[in-house]
Undergrad: 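Dropping a structure here in structure tokens format, bear with me for questions.
All ligand and atom numbering here is 1-based and tracks the order in the structure. Side chains included, hydrogens not; waters and symmetry mates left out as well; all remaining heavy atoms used.
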Amino acid sequence: MSQEQWKSKIGFIFAAAGSAIGLGAIWKFPYIAGTGGGGAFFLIFLFFTVLLGAPLLLGEFVVGRRAQSDAVTAYKKFAPNSSWSLIGKLGIVTCFILLSFYSVVGGWIIIYLFEAIRGGLNGLSQDQYGALFGELIAKPWSTLLAQLVFMLMAIVVVAKGVQKGIEKASKIMIPALFILFLILVIRSVTLDQSIEGIEFLLVPDFTKLTSESILLALGQAFFTLSLGVSVMVTYASYLPKTQNLPFSAISIIVINILVALLAGLAIFPGVFSFGMEPDAGPVLIFAVLPAVFSQMQFGVIFFINFLLLFLFAALTSAFSMLEIFVAATTKHDKTKRKKRAWTLGLLIFVLGIPSCLSYGVLSDVLVFDKTIFDLFDFTVSNVLMPLGALLISIFVPLKISKSALYEEISLGSKSGKMFFNVWYYLLKYVTPIAIVIVFLDVLGFLDKMISLFK
Ligand code: PHE
């Protein structure tokens with residue numbers, strides 16, 4: 001059975017960047033930067049993205065393109081008759097759980113879009129916006145319906161296939177996202193007193209850093225690049241040998257950093273200009289941002305603009321989470337794609353129901369002191385994704401020979417031996433060690449390190 005392929009080089013970059021850009025960059029990044037020290041946090045995030053994220057991203061690309069097969073089969077090809085294909089299975093399970101609660105937030109975006117268009121977000125006080133958010137996400141039927149609509153959008157695109165579905169949609173949504181972002185950032189940085197917000201994001205104040213924010217920055221770097229779950233392996237398996245892998249990886253890193261920067265620039269100047277606090281946490285976008293926009297002329301239009309770009313970002317990530325599953329279960333049999341996308345997508349929706357209701361009727365159900373949504377989020381972001389990332393960084397140098405890796409990286413690219421060596425040793429030593437540090441949560445050690453700089 002012949003493997004599907006991306007139609008164009010740029011199509012792959014848009015699709016992979018689309019997977020990367022999502023709730024991580026637009027929702028999580030501003031609020032954890034807001035609570036974790038602004039500019040200093042941003043710098044640490046940059047550092048981890050370049051030093052650890054980039055090598056792993058390229059590693060996943062190499063595995064995928066060399067194997068030309070889905071996430072589970074790919075690992076089997078390099079290590080037959082071993083348990084290494086568990087990495088692929090782990091990635092699938094992780095994406096399954098991740099998409100189940102990711103779609104809940106996708107649903108919230110749709111609800112807010114609906115509210116903004118129907119005029120329900122006009123002229124409230126700051127507290128009322130907060131209360132409204134709590135009310136809206138507690139309603140069981142509308143949130144479930146919105147979550148279902150979000151999943152249906154993802155299913156329809158993935159069912160159409162790699163070229164006609166994912167690539168086509170990403171080629172429209174990602175450039176649109178940038179245009180919408182630019183409009184918003186221009187509005188935001190031209191507000192009176194926007195400079196305070198810009199400074200907050202760009203001028204590092206290291207005394208504000210805590211060990212926790214350093215760990216969050218590392219987790220964030222992996223999460224926003226969709227690493228550790230073999231999504232990037234799957235996407236790279238649709239690549240021809242002519243694609244320049246290092247260039248693709250670097251482009252995606254740059255795009256992703258740019259989006260985090262744009263998100264910060266779109267949000268913080270407004271937050272500061274209107275005298276609000278940057279450290280509201282997860283509700284920053286839904287409870288604080290509408291209040292910020294409501295103070296501007298034509299604010300509703302800007303807010304709708306923001307929600308649209310947010311929806312595009314979330315959808316292009318959802319495609320990749322569903323695709324890894326579809327790819328692994330159809331094994332290139334195109335006739336099965338449609339049916340699998342629908343069954344798996346709807347199954348994920350069903351799994352997501354408890355997460356959705358955990359903000360309303362199930363809010364009292366706590367497991368290990370966490371709501372179902374938080375438990376899923378914690379398990380995925382802090383356990384399963386770092387575990388997957390650790391295993392991949394061990395697998396690549398261990399199971400694929402150095403010469404094969406060099407050959408794969410050199411195909412379609414002119415990057416020399418030195419580039420290769422830097423990549424290889426970062427992936428072999430630095431990435432796994434850094435992940436283990438996060439795993440062990442050696443807070444005491446990190447705290448000591450930080451105090452040296454204070
Ligand atoms: N990178 C996505 C985001 O930032 C999340 C994601 C993780 C997507 C893993 C796919 C796989 O929102």
Side-chain angles (χ1 to χ4, degrees), residues 13-33 45 48-49 53-54 56-57 60-61 64 70-71 87-88 90-106 108-109 150-151 154 157-158 166 170 173-174 177 216-236 249 252-253 255-264 282 285 309-328 344-345 348 352 376-389 391-392:
I13 294 184
F14 278 144
S19 169
I21 302 165
L23 299 187
I26 299 175
W27 179 48
K28 273 192 172 174
F29 176 77
Y31 85 71
I32 51 181
F45 164 75
F48 285 145
T49 298
L56 197 58
L57 180 62
E60 290 205 20
F61 282 174
D70 66 274
I87 301 182
L90 178 76
I92 291 176
V93 173
T94 309
C95 284
F96 194 73
I97 306 175
L98 176 57
L99 187 52
S100 80
F101 65 85
Y102 206 90
S103 54
V104 173
V105 184
W108 296 349
I109 306 174
F150 180 84
M151 277 311 297
V157 170
V158 172
I166 301 174
S170 308
M173 288 182 182
I174 296 299
L177 177 140
L216 278 176
L218 179 61
Q220 177 68 6
F222 286 134
F223 186 86
T224 52
L225 288 169
S226 311
L227 294 175
V229 289
S230 305
V231 154
M232 293 302 186
V233 171
T234 307
Y235 270 15
I252 290 157
I253 299 278
I255 294 177
N256 200 48
I257 292 174
L258 208 65
V259 168
L261 192 68
L262 287 174
I285 278 195
L309 79 84
F310 194 19
L311 182 64
F312 289 167
L315 273 174
T316 47
S317 297
F319 300 157
S320 68
M321 290 177 234
L322 188 55
E323 175 61 23
I324 176 178
F325 217 151
V326 171
L344 295 170
I348 292 174
F376 277 8
D377 184 15
F378 180 85
T379 313
V380 165
S381 313
N382 300 342
V383 183
L384 299 178
M385 284 187 77
L387 178 65
L391 291 175
I392 295 174

Undergrad: Between Phe325, Tyr102, Phe376, Phe101, which is the residue that forms a ring pair (Phe, Tyr, Trp, His ring centres under 6.0 Å) with Phe96?
TA: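 Only one of Phe325, Tyr102, Phe376, Phe101 forms a ring pair (Phe, Tyr, Trp, His ring centres under 6.0 Å) with Phe96, namely Phe325.
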
Undergrad: Nearest 0.5 Å please: distance from the CZ atom of Phe378 over to the CG atom of Leu384.
TA: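 With rounding to 0.5 Å, CZ (Phe378) is 10.5 Å from CG (Leu384).
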
Undergrad: Hey, is the main chain of Gly91 close enough, under 3.5 Å, to the side chain of Ser230 for a donor-acceptor pair?
TA: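 It does not hold such a pair.
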
Undergrad: Kindly tell me which protein residues have any non-hydrogen atom under 4.0 angstrom away from an atom of ligand 1, grouped by chain and ordered by number?
TA: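 For ligand 1, the contacting residues are Ser19, Ala20, Gly22, Leu23, Gly24, Leu98, Tyr102, Phe223, Thr224, Ser226, Val229, Val231, Ser317, Ser320, Met321, Met385.
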
Undergrad: Let me confirm one number: the CG-CD1 distance from Leu227 to Ile392, rounded to the nearest 0.5 Å.
TA: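 CD1 of Ile392 is found 7.5 Å from CG of Leu227.
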
Undergrad: To the nearest 0.5 angstrom, please state how far the CD1 atom of Ile285 sits from the CZ atom of Phe310.
TA: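 The distance works out to 4.5 Å.
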
Undergrad: Does the plane of the ring in Trp27 sit parallel, tilted or perpendicular to the ring in Trp108? Use 30° and 60° as the thresholds.
TA: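 Perpendicular: the ring planes of Trp27 and Trp108 meet at over 60°.
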
